[in-house]
Amino acid sequence: MKILVTGGAGFIGSNFIYHVLENHQNDEVVCLDALTYAGSLSTLQKALEVERFRFVKGDITDMELVDKLFREEKFDVVVNFAAESHVDRSILNPDVFLKTNILGTQVLMDASRKYDVKRYHQVSTDEVYGDLPLDRPDLFFTEETPIHTSSPYSASKAAADLLVQAYHRTYGLPVTISRCSNNYGPYHFPEKLIPLIISKALRDEKLPVYGTGENVRDWLYVEDHCEAIDLIIRKGKVGEVYNIGGHNEKTNLEVVKTILKELDKPESLIEFVKDRAGHDMRYAIDPAKISRELSWEPHTTFEEGIKITIKWYLDHKYWWENILSGEYQKDYERLYGDKY
Ligand code: NAD
Ligand code: DAU
């Protein structure tokens, strides 16, 4: 089948593209990505060598471009990863979050309707459920947990989810939604906690921990997320929401200390800084539905995954140093400059 992956030059989208190209030899993949600050074409270098893969630079909110692409390519499946994804940035500048995350979703769904896409999959987040208290470890997010958002980012993702459900009910668009917990692994942009701490610790810089560091996140190795989405688009039931998570709850301080230990760096690098506004306390996913209905199980524990991730950042210094220096933003010109 032919799959459109939006946001595929980012963290999870790129891992998903590699997953599909490796596991489904007959699938063709087109990536549509605007190459915002969060997208790096060097991330897709190996995919660009595969004939069944094509990269298109473009914005999901650009109706004309999206319409032309859908008309030409006749996609079977659309997987929408494209989003502004960083909570801190949404607090500073909500505008682009509303535009990309909500209006971009609408543009993609309108084209999916017009060109009879067989499945539109929305990659959503557990943040749409708000947060859980630290003193109730018995509570988890299920698919029935009410939407209750905290940041402009999570509000924009929740708005998109509601729109996806409305397009299913009103127009019969064949949709699925997945809501995953925090991912980590290769190609994670070094503004997010785990890659930020690894890249700073390697340079012996201070490590900013918000508030007291007691906030809990439920970490999932990115390949497990990709496998879950792959299952949902092929076997998931139209109209359904699937939560994805692997019961790997850790406080931020535990995560930072684990990384420091692995890198043999001192805890004195930790610096407690001003807390994030509206900071969610705890995320914890109940993945029973996807496990029961699609037999999905995560393969990587946090203890294994964090070791693999740290090794990847050590082996791929050029990737994140290229990002920190800003050089990566010239990659598109370098690769495609002569062609267009
Ligand atoms: P990311 O920020 O690493 O990547 C986003 C990608 O989207 C980038 O390549 C960027 O260039 C592209 N993009 C942004 N705006 C665009 C636009 N208007 N048009 C086309 N492309 C655009 O994000 P990520 O962490 O890989 O997250 C991917 C998706 O998964 C997001 O929808 C996010 O909400 C969701 N999600 C992320 C996590 C996580 O832990 N990172 C967990 C659950 C869900
Ligand atoms: O739960 C899924 C979500 O996970 C996704 O929807 C988001 O796109 C993704 O960015 C992530 O959101 P978080 O806000 O949980 O991730 P982040 O890496 O920004 O922060 C993780 C925790 O670490 C959070 O409690 C804030 C804290 N933190 C973060 C940074 C960047 C720090 O203490 N210091 C930091 O410098």
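Indexing begins at 1, ligand by ligand and atom by atom, following the structure's order.
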Engineer: With side chains defined as the heavy atoms from C-beta onward, is the minimum distance between Ile244 and Trp296 less than 4.5 Å?
Structural biologist: yes
Engineer: Would you tell me which option among Ile285, Val56, Asp33, Thr100 has the nearest heavy-atom contact to atom 16 (C) of ligand 1?
Structural biologist: Thr100
Engineer: Backbone, side chain, both or neither: what part of Arg179 comes under 4.0 angstrom of ligand 1, heavy atoms only?
Structural biologist: neither
Engineer: Could you establish whether Phe189 and ligand 1 come within less than 4.0 Å of each other, counting only heavy atoms on the residue side?
Structural biologist: no
Engineer: Can you tell me which portion of Ser181 lies within the under-4.0 Å heavy-atom range of ligand 1? Options are side chain, backbone, both, or neither.
Structural biologist: backbone
Engineer: Under 3.5 Å, is there a donor-acceptor pair between the side chain of Lys289 and the main chain of Val241?
Structural biologist: yes
Engineer: Quick one: nearest non-hydrogen protein atom to atom 31 (C) of ligand 2, plus distance?
Structural biologist: Glu191 O, 3.3 Å
Engineer: Looking only at protein heavy atoms, identify the closest one to atom 37 (C) of ligand 1 and say how far it is in Å.
Structural biologist: Ile12 CD1, 3.4 Å
Engineer: Nearest protein heavy-atom contact for atom 36 (O) of ligand 2: which residue, which atom, what distance?
Structural biologist: Leu196 CD2, 3.2 Å
Engineer: Can you tell which part of Arg276 has a heavy atom less than 4.0 Å from ligand 2: side chain, backbone, both or neither?
Structural biologist: side chain
Engineer: Of Phe302, Phe189, Phe11, which is the lone residue that meets ring-ring contact (aromatic ring centres under 6.0 Å, His included) with Tyr184?
Structural biologist: Phe302
Engineer: What residues form a ring-ring contact (aromatic ring centres under 6.0 Å, His included) with His279, not counting sequence neighbours?
Structural biologist: none
Engineer: Heavy-atom distance to atom 14 (C) of ligand 1: which of Ala83, Ala82, Ser156 wins?
Structural biologist: Ala83
Engineer: Does Tyr153 come within less than 4.0 Å of ligand 1, judged by its heavy atoms?
Structural biologist: yes
Engineer: How close does the nearest protein non-hydrogen atom get to atom 29 (C) of ligand 1, and which residue and atom is it?
Structural biologist: Phe81 O, 3.2 Å
Engineer: Under 4.0 Å between a Lys/Arg side-chain N and an Asp/Glu carboxylate O for Arg276 and Asp88?
Structural biologist: yes
Engineer: Can you sort out which atoms of ligand 1 are near Gly58, meaning under 4.0 Å from one of its heavy atoms?
Structural biologist: 19 (N), 20 (C)
Engineer: Could you name the option among Val128, Asn80, Thr36, Asp59 that has the heavy atom nearest to atom 18 (N) of ligand 1?
Structural biologist: Asp59
Engineer: Other members of the hydrophobic cluster containing Tyr210, with the 4.5 Å side-chain heavy-atom rule, please.
Structural biologist: Val273
Engineer: Is the closest N or O pair between Asn215 and ligand 2 shorter than 3.5 Å?
Structural biologist: no
Engineer: Just jot down the ligand 1 atoms closer than 4.0 angstrom to any heavy atom of Ser124, in number order.
Structural biologist: 43 (C), 44 (C)
Engineer: Has Leu35 got any heavy atom lying under 4.0 angstrom from an atom of ligand 1?
Structural biologist: yes
Engineer: For ligand 2, note which part of Val87 has a heavy atom under 4.0 Å away: side chain, backbone, both or neither.
Structural biologist: side chain
Engineer: Taking the minimum heavy-atom distance to atom 5 (C) of ligand 2, which of Phe189, Tyr153, Tyr283 ranks first?
Structural biologist: Tyr153
Engineer: Could you tell me whether the side chains of His24 and Asp230 share a donor-acceptor contact shorter than 3.5 Å?
Structural biologist: yes
Engineer: Checking a contact table here: which protein heavy atom is nearest atom 19 (N) of ligand 1, and how many Å away?
Structural biologist: Ile60 N, 2.9 Å
Engineer: I'd like to know if the side chain of Glu304 reaches the main chain of Thr301, judged simply by a donor and an acceptor atom lying under 3.5 Å from each other, with no hydrogens or angles considered.
Structural biologist: yes
Engineer: Measure the distance from atom 23 (O) of ligand 1 to every protein heavy atom, then report the residue, atom name and distance (to 0.1 Å) of the closest one.
Structural biologist: Ser85 OG, 3.3 Å
Engineer: Closest by any non-hydrogen atom to atom 40 (O) of ligand 1: pick that one out of Thr43, Asn183, Leu32.
Structural biologist: Asn183
Engineer: Salt bridge or not between Lys250 and Glu303? Use side-chain N to carboxylate O under 4.0 Å.
Structural biologist: yes
Engineer: Which protein heavy atom lies closest to atom 34 (N) of ligand 2, and at what distance to 0.1 Å?
Structural biologist: Pro208 O, 2.9 Å
